[in-house]
**Q** 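Let me begin by handing over the structure; questions about it come next.
Being a predicted model, the structure only gives us computed values, none of them experimental.
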Amino acid sequence: QAQLVESGGGLVQAGGSLRLSCAFSGRTFGRFGMGWFRQAPGKEREFVSGISRSGQFIEYGDSVRGRFTISREDAANMVYLQMNSLKPEDTAVYYCAATTRSGIVIDKNEYNYWGQGTQVTVSS
């Protein structure tokens with residue numbers, strides 16, 4: 001069983017930046033593709049970004065492309081989400097997830113493990 005723990009959320013003003021971190025343990029990190037999802041109140045959980053097992057393939061949701069950057073550090077079993085130019089509509093609980101599927105996985109139902117989430121609030 002893998003465990004994922006997110007950190008780095010908080011309250012930030014519009015235009016600001018935050019860096020989310022996800023610590024992975026319990027399984028071999030390099031065998032998992034990783035993703036970030038978010039869920040705002042009353043909305044479905046949506047894909048934010050994904051990175052393949054090798055780190056070679058990266059994808060972003062349309063609403064964050066150009067502002068967010070995903071990365072992984074296999075030596076530390078970590079995945080990060082750098083969020084710049086934050087907007088009030090980015091306010092949500094952000095979840096880290098791991099999948100055994102290859103490539104980039106956008107479908108949340110294809111992820112095997114999830115973290116507990118970290119709150120990001122962007123004030124206007």
Side-chain angles (χ1 to χ4, degrees):
Q1 192 82 354
Q3 291 83 42
L4 288 75
V5 180
E6 303 96 334
S7 60
L11 174 64
V12 64
Q13 289 189 330
S17 298
L18 281 174
R19 187 195 196 203
L20 304 184
S21 299
C22 174
F24 179 100
S25 63
R27 286 289 185 269
T28 303
F29 184 58
R31 295 180 179 175
F32 289 85
M34 301 299 295
W36 286 97
F37 290 76
R38 67 185 182 186
Q39 188 166 19
K43 294 190 176 181
E44 296 241 347
R45 191 169 298 190
E46 67 168 339
F47 174 80
V48 174
S49 183
I51 187 166
S52 63
R53 296 170 188 167
S54 66
Q56 180 180 5
F57 301 105
I58 288 174
E59 186 57 87
Y60 297 97
D62 289 341
S63 60
V64 307
R65 188 174 290 113
R67 299 187 296 123
F68 290 11
T69 303
I70 191 171
S71 62
R72 63 188 294 159
E73 184 181 357
D74 282 20
N77 290 358
M78 297 289 294
V79 63
Y80 305 101
L81 186 69
Q82 178 66 43
M83 306 186 296
N84 297 330
S85 302
L86 283 161
K87 305 175 182 180
E89 50 264 45
D90 294 317
T91 295
V93 177
Y94 283 71
Y95 297 90
C96 176
T99 178
T100 54
R101 297 288 298 271
S102 61
I104 296 296
V105 180
I106 294 176
D107 185 352
K108 59 183 180 294
N109 296 312
E110 297 292 341
Y111 282 80
N112 307 93
Y113 301 104
W114 291 84
Q116 83 289 347
T118 186
Q119 177 71 46
V120 172
T121 303
V122 184
S123 63
S124 56

**Q** Are I106 and W36 connected in the hydrophobic side-chain network, where two residues link if heavy atoms are under 4.5 Å apart?
**A** no
**Q** Can you name the closest pair of heavy atoms from V64 and V48 and give their distance?
**A** CG2-O, 3.4 Å
**Q** Please report the interatomic distance CG(N112) to OG1(T100), rounded to the nearest 0.5 Å.
**A** 4.0 Å
**Q** OG of S71 to CD of Q82: how many Å apart, nearest 0.5 Å?
**A** 8.5 Å
**Q** Taking atom CZ of R65 as the centre, does the number of heavy atoms from other residues, nucleotides or ligands within less than 6.0 Å exceed 12?
**A** yes
**Q** Could you see if L20 belongs to whatever hydrophobic cluster contains V122? Use Ile, Leu, Val, Met, Phe, Trp, Tyr and a side-chain cutoff under 4.5 Å.
**A** yes
**Q** Hey, what's the ring geometry for Y95 with W114, parallel, tilted or perpendicular (30° and 60° as the breaks)?
**A** perpendicular
**Q** Quick one: pull up CE in M83 and OG in S17 and give me the separation to the nearest 0.5 Å.
**A** 8.5 Å
**Q** Are R72 and F24 in a cation-pi contact, defined as NZ or CZ under 6.0 Å from the six-membered ring centre and within 45° of the axis?
**A** no
**Q** I70 and V93: same hydrophobic cluster, using ILVMFWY side-chain contacts below 4.5 Å?
**A** no
**Q** To the nearest 0.5 angstrom, please state how far the OG1 atom of T91 sits from the CD atom of Q119.
**A** 7.0 Å
**Q** Under the criterion salt bridge (charged side-chain N to carboxylate O under 4.0 Å, His left out), I'd like the reasoning laid out for D90 against R67: C-alpha separation, chi angles, the key distance, then a yes or no.
**A** CA-CA 11 Å; D90 294 317; R67 299 187 296 123; 2.7 Å; yes
**Q** State whether the side chain of Q3 and the backbone N or O of Q1 hold a donor-acceptor pair below 3.5 Å, judged by distance alone.
**A** yes
**Q** Is there a path of hydrophobic side-chain contacts, each under 4.5 Å between heavy atoms of I, L, V, M, F, W or Y residues, that connects M78 with I51?
**A** no
**Q** Give the minimum heavy-atom separation between S49 and E59, together with the two atoms involved.
**A** OG-O, 3.0 Å
**Q** Using the rule given for side-chain contact (heavy atoms from CB on, under 4.5 Å), can you reason through L86 versus F68, listing the C-alpha separation, both sets of side-chain angles and the distance that settles it, and then say yes or no?
**A** CA-CA 9 Å; L86 283 161; F68 290 11; 3.8 Å; yes
**Q** May I ask whether L11 and L18 are part of the same hydrophobic cluster, defined by side-chain heavy atoms of I, L, V, M, F, W, Y residues being less than 4.5 angstrom apart, directly or through others?
**A** no
**Q** Show the nearest heavy-atom pair for residues A2 and Y113, with the distance to one decimal.
**A** N-CE2, 3.5 Å
**Q** In terms of relative ring orientation, are F37 and Y111 parallel, tilted or perpendicular, with 30° and 60° separating the classes?
**A** perpendicular
**Q** Taking side-chain hydrogen bond (donor to acceptor under 3.5 Å, both in side chains) as the criterion, tell me which of R38, E89, K87 meets it with S63.
**A** R38
**Q** Would you compute the distance between atom CG of N109 and atom CZ of R45 and round it to the nearest 0.5 angstrom?
**A** 10.5 Å
**Q** We want to know whether Y94 and E6 form a side-chain donor-acceptor pair, criterion being a heavy-atom distance below 3.5 angstrom.
**A** no
**Q** If I compare all heavy atoms of A14 with all of S124, which pair ends up nearest, and what's the gap?
**A** CB-CA, 4.3 Å
**Q** Working to the nearest 0.5 angstrom, can you tell me the gap between L4 CG and Q116 CD?
**A** 9.0 Å
**Q** What are the two closest heavy atoms between F47 and G61, and how far apart are they?
**A** CE2-N, 3.9 Å
**Q** Minimum heavy-atom separation for M34 to V79, with atom names?
**A** CE-CG1, 3.9 Å
**Q** Given salt bridge (charged side-chain N to carboxylate O under 4.0 Å, His left out), test K108 with E46 step by step and report yes or no.
**A** CA-CA 8 Å; K108 59 183 180 294; E46 67 168 339; over 6 Å; no
